[in-house]
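Note on naming: letters A, B, ... go to the chains in the order of the sequence lines (proteins, then strands), and numbering restarts at 1 for each one.
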There are 2 protein chains.
Amino acid sequence: MGEVVKMTEAVSVSDATLRSFMGYHVKRAMSVLQADLNATLKPFGLRMVTYSALVMIVDNPGMRQTQLADALAIERPNLVVILDQLEERGLISRDKVPTDRRAYALNPTEQGRALCAEATDANRADEDRLLAGLSKEQRAAVIAAMNLIEQGGEA
Amino acid sequence: MGEVVKMTEAVSVSDATLRSFMGYHVKRAMSVLQADLNATLKPFGLRMVTYSALVMIVDNPGMRQTQLADALAIERPNLVVILDQLEERGLISRDKVPTDRRAYALNPTEQGRALCAEATDANRADEDRLLAGLSKEQRAAVIAAMNLIEQGGEA
DNA sequence: TATTGTTATACTCTATAACTATA
DNA sequence: TATAGTTATAGAGTATAACAATA
């Protein structure tokens, strides 16, 4: 350990270098978005992942677990626990596929559809509040930029 | 704009509902940005967090651990391990503060400053590549939007 | 042999309580 | 009492190998 060099008091901290990096800002924004989203979803007994999985199953009834894992960009083993939770709560069912006895067809229950619709409305309202300072065009521009970044990673 | 995420067989999966949510896109973009950034930092023996901490210390020599934790929005206990790594590699030092014997002043070493500059250059080049499809104005607009989201979370 | 869903496991990241030594 | 740094720990999130049943 060193000797005495410097001291800081009630001083402002400069993030001059980091501020010019996109990753820095996206990480911080993501942190807020995720916390906000999870708080909104909590009354429904859902988290960001479980909600995303439920939405996908409602939008694509009959899909298989491997498809869902690919679509959500998560690993198959990690999806199992998520689906267990949704199934235990009676929001989805794993139905046997007659043409392939290894696979399950994922389907939403009536309750699952209803909860999904409510959660989606709550979510929409929450994001509208959070993004109130942005015009529809600005919002679309940000989403386009995010998509571009996502594509760039594959190249 | 396509709604198709992936083709596992002859079947397309629709993410129509999720596509309209900002959180969905920011999460996916963040995943790419972080993977990309960490790959760029690997040759320097740094990760995203250790790099961020190093940059902050270089930009704000003498700052204390509590200040740094606040600035990076991470918990104090988690910062300890990060600083341990930077200190073991001789990139920073924890120097005693004469006016407060509880605290340490964080300072970069010469080696730390040098590595920080190299890593920052590599980072800049990497982000320029990833964001090549965006004009400077578009980039600034995205960063402004991210800042707005970050502020909104506090309200 | 390859694939579907599963189990077990491990590694990172993050969050909280409580300790020590100072203030 | 309160604060700075630390320790221990627990919870998410994420990644890989390997297994049983089936293709």
Study note, to complete from the structure: What residues 37-58 of chain B contributes to the DNA chain C interface at heavy-atom separation below 4.0 Å is Arg47(B)
Study note, to complete from the structure: Ordered by number, residues from residues 79-89 of chain A within less than 4.0 Å of DNA chain C (heavy atoms) are Val80(A)
Could you give the [atom1]-to-[atom2] distance, from [X] to [N], as a whole number of Å?
X: Arg64(B); N: dT6(D); atom1: CZ; atom2: P; value: 13 Å
X: Glu75(B); N: dA12(D); atom1: CD; atom2: P; value: 16 Å
X: Arg76(A); N: dA2(C); atom1: CZ; atom2: P; value: 16 Å

Practice item. Using the test side-chain hydrogen bond (donor to acceptor under 3.5 Å, both in side chains), find all partners of Arg76(A) that sit at least two apart in sequence or belong to another chain. Key: none
**Study point:** Set of residues satisfying side-chain hydrogen bond (donor to acceptor under 3.5 Å, both in side chains) with respect to Gln65(B), sequence neighbours excluded
**Key:** Arg94(B)
Point to revise | Neighbours of DNA chain D within residues 96-108 of chain A, by heavy-atom distance under 4.0 Å | key: Asp100(A), Arg101(A), Arg102(A)
Can you sort out the partners of [X] under salt bridge (Lys or Arg N to Asp or Glu O under 4.0 Å), two or more places apart, ordered by chain and number?
X: Asp95(A); result: none
X: Arg113(A); result: none
X: Glu75(B); result: none
X: Arg102(B); result: Asp100(B)

Review point. Between dT16(C), dG5(C), dT14(D), which nucleotide gets closest to the side-chain atoms of Lys27(B)?
Key: dT14(D)
Review point. Are a donor atom and an acceptor atom from the side chains of Thr17(B) and Asp59(A) found within less than 3.5 Å of each other?
Key: yes
Check your understanding: Under 4.5 Å between side-chain heavy atoms, hopping through other hydrophobics if needed: is there a path connecting Ile82(A) to Leu18(B)?
Key -> yes
Review point. For dT6(D), does either OP1 or OP2 sit under 4.0 Å from a side-chain N or O belonging to Gln65(B)?
Key: yes
Practice item. State whether Thr66(B) places a side-chain N or O below 4.0 Å from either non-bridging phosphate oxygen (OP1 or OP2) of dG5(D). Key: yes
Revision key, fill the gap. Contacts satisfying side chain to side chain donor-acceptor pair (under 3.5 Å) that involve residues 38-58 of chain B (not counting sequence neighbours) are Thr40(B)-Asp126(B), Arg47(B)-Gln85(B), Tyr51(B)-Thr120(B)
Identify every side-chain donor-acceptor pair in residues 137-146 of chain B under 3.5 Å, counting partners at least two apart or on other chains, and give the distances.
from, atom 1, to, atom 2, distance (Å)
Glu137(B), OE1, Ser135(B), OG, 3.4
Gln138(B), OE1, Ser135(B), N, 2.8
Gln138(B), OE1, Ser135(B), OG, 3.3
Arg139(B), NH1, Asp128(B), OD1, 2.8

Review point. Sequence neighbours excluded, which residues qualify as side chain to side chain contact (heavy atoms under 4.5 Å, CB included) partners of Ala73(B)?
Key: Arg28(A)
